[in-house]
Amino acid sequence: STWGDEGAIALATALLELTSLTKFCISGNYITSDGAKLLAQAVSRHKSLATFTISGNYIKDTGAIELAKNIAELKSLALFSISANEIGKEGAIALAPIIKGLHALTEFDISLNDIGNDGAKALAPAISQLKSLTTFNISMCHIEYYGAMALAQAIRQLNSLTKFNISQNNIGNYGALAFEPAIKELKSLTELNIIGGNKLDQI
């Protein structure tokens with residue numbers, strides 16, 4: 001069974017009664033922007049939250065914007081996953097300045113969304129500030145060359161990065177080559193997925 005927005009309403013009410021929540025995962029539950037708004041408001045009270053996963057729902061741009069309004073004070077957040085939520089560029093643009101301030105973040109997954117070049121370019125400066133980030137998944141996000149260029153510059157600043165996935169986009173040969181300097185510099189990198197589905201045979 002899945003929660004949906006009705007379940008999200010009930011859960012948000014219950015969350016208000018908790019005092020020491022550190023991990024909250026509600027993936028694959030058909031939650032829309034309405035449910036996301038209530039959950040974000042409830043979760044925002046839990047300043048010690050370290051894990052927040054709301055992947056595989058339907059929060060879209062409106063839900064992402066609501067998340068952005070409410071997670072800024074979650075300074076202990078280490079894992080944030082919003083993959084597969086039909087988030088577009090407007091959602092990514094809204095999240096970018098908030099992500100920038102989450103300095104404890106070690107894992108960020110925004111894969112399987114539709115943020116495109118504009119969303120990637122908005123997120124890139126924010127990502128570059130996350131000095132503790134070890135895992136970054138931005139695969140299957142409809143990113144092309146210009147978005148790849150921005151991200152390539154961003155990850156060069158992440159000396160702790162060990163896993164990076166930008167597969168299944170459309171970055172092409174030049175987009176892939178843009179990552180060469182970063183790959184050479186990131187000595188901590190152990191897992192890199194850049195080839196699959198990126199049309200590297202097309203210029």
More than 12 heavy atoms of other residues, nucleotides or ligands under 6.0 Å from [atom1] of [X]: is that the case?
| X | atom1 | value |
| --- | --- | --- |
| Glu6 | CD | no |
| Lys121 | NZ | yes |
| Lys131 | NZ | yes |

Discussion item. Please determine whether side chain to side chain contact (heavy atoms under 4.5 Å, CB included) holds for the pair Leu95 and Ile82, giving the CA-CA distance in whole Å, both sets of side-chain angles, and the decisive distance to 0.1 Å.
Written reply: CA-CA 11 Å; Leu95 284 165; Ile82 49 174; 3.4 Å; yes

Could you check if a side-chain atom of [X] sits within less than 4.5 angstrom of a side-chain atom of [Y], using non-hydrogen atoms only?
| X | Y | answer |
| --- | --- | --- |
| Leu18 | His46 | yes |
| Asp114 | Ile87 | no |
| Leu151 | Ile166 | yes |
| Leu192 | Phe179 | no |
| Leu15 | Leu21 | yes |
| Phe80 | Ile71 | yes |
| Pro181 | Arg156 | yes |
| Leu161 | Thr134 | no |

Worksheet item: Hey, mind stepping through Gln153 and Met149 against side chain to side chain contact (heavy atoms under 4.5 Å, CB included) and telling me if it holds?
Response: CA-CA 6 Å; Gln153 290 297 318; Met149 285 284 291; 5.7 Å; no

Item to complete: Return the set of residues passing salt bridge (Lys or Arg N to Asp or Glu O under 4.0 Å) with Lys47 (not counting sequence neighbours), or none when no residue passes.
Response: none

Worksheet item: Are Leu38 and Ile26 grouped together when hydrophobic residues (ILVMFWY) are joined by side-chain heavy atoms under 4.5 angstrom apart?
Response: no

Fill in: Side-chain donor-acceptor contact under 3.5 Å, Ser81 with Ser55
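Side chains of Ser81 and Ser55: pair found under 3.5 Å.
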
Practice prompt. I would like to know whether Asn170 and Ile143 meet side chain to side chain contact (heavy atoms under 4.5 Å, CB included); could you show each step before the answer?
Written response: CA-CA 6 Å; Asn170 189 20; Ile143 297 167; over 6 Å; no

Name each donor-acceptor pair under 3.5 Å that joins a side chain in residues 102-111 to protein atoms two or more places apart or in another chain, with its distance.
{"unit_1": "Thr106", "atom_1": "OG1", "unit_2": "Ala78", "atom_2": "O", "d": "3.1"}
{"unit_1": "Asp109", "atom_1": "OD1", "unit_2": "Ser111", "atom_2": "N", "d": "3.0"}
{"unit_1": "Asp109", "atom_1": "OD1", "unit_2": "Ser111", "atom_2": "OG", "d": "2.7"}

Worksheet item: Tell me the ring pair (Phe, Tyr, Trp, His ring centres under 6.0 Å) pairs involving residues 15-41, sequence neighbours left out?
Response: Phe24-Phe52, Tyr30-Tyr58

Discussion item. With a 3.5 Å distance limit and no angle check, can you tell me whether Asn165 reaches the backbone of Asn137 through a side-chain donor-acceptor pair?
Written reply: no

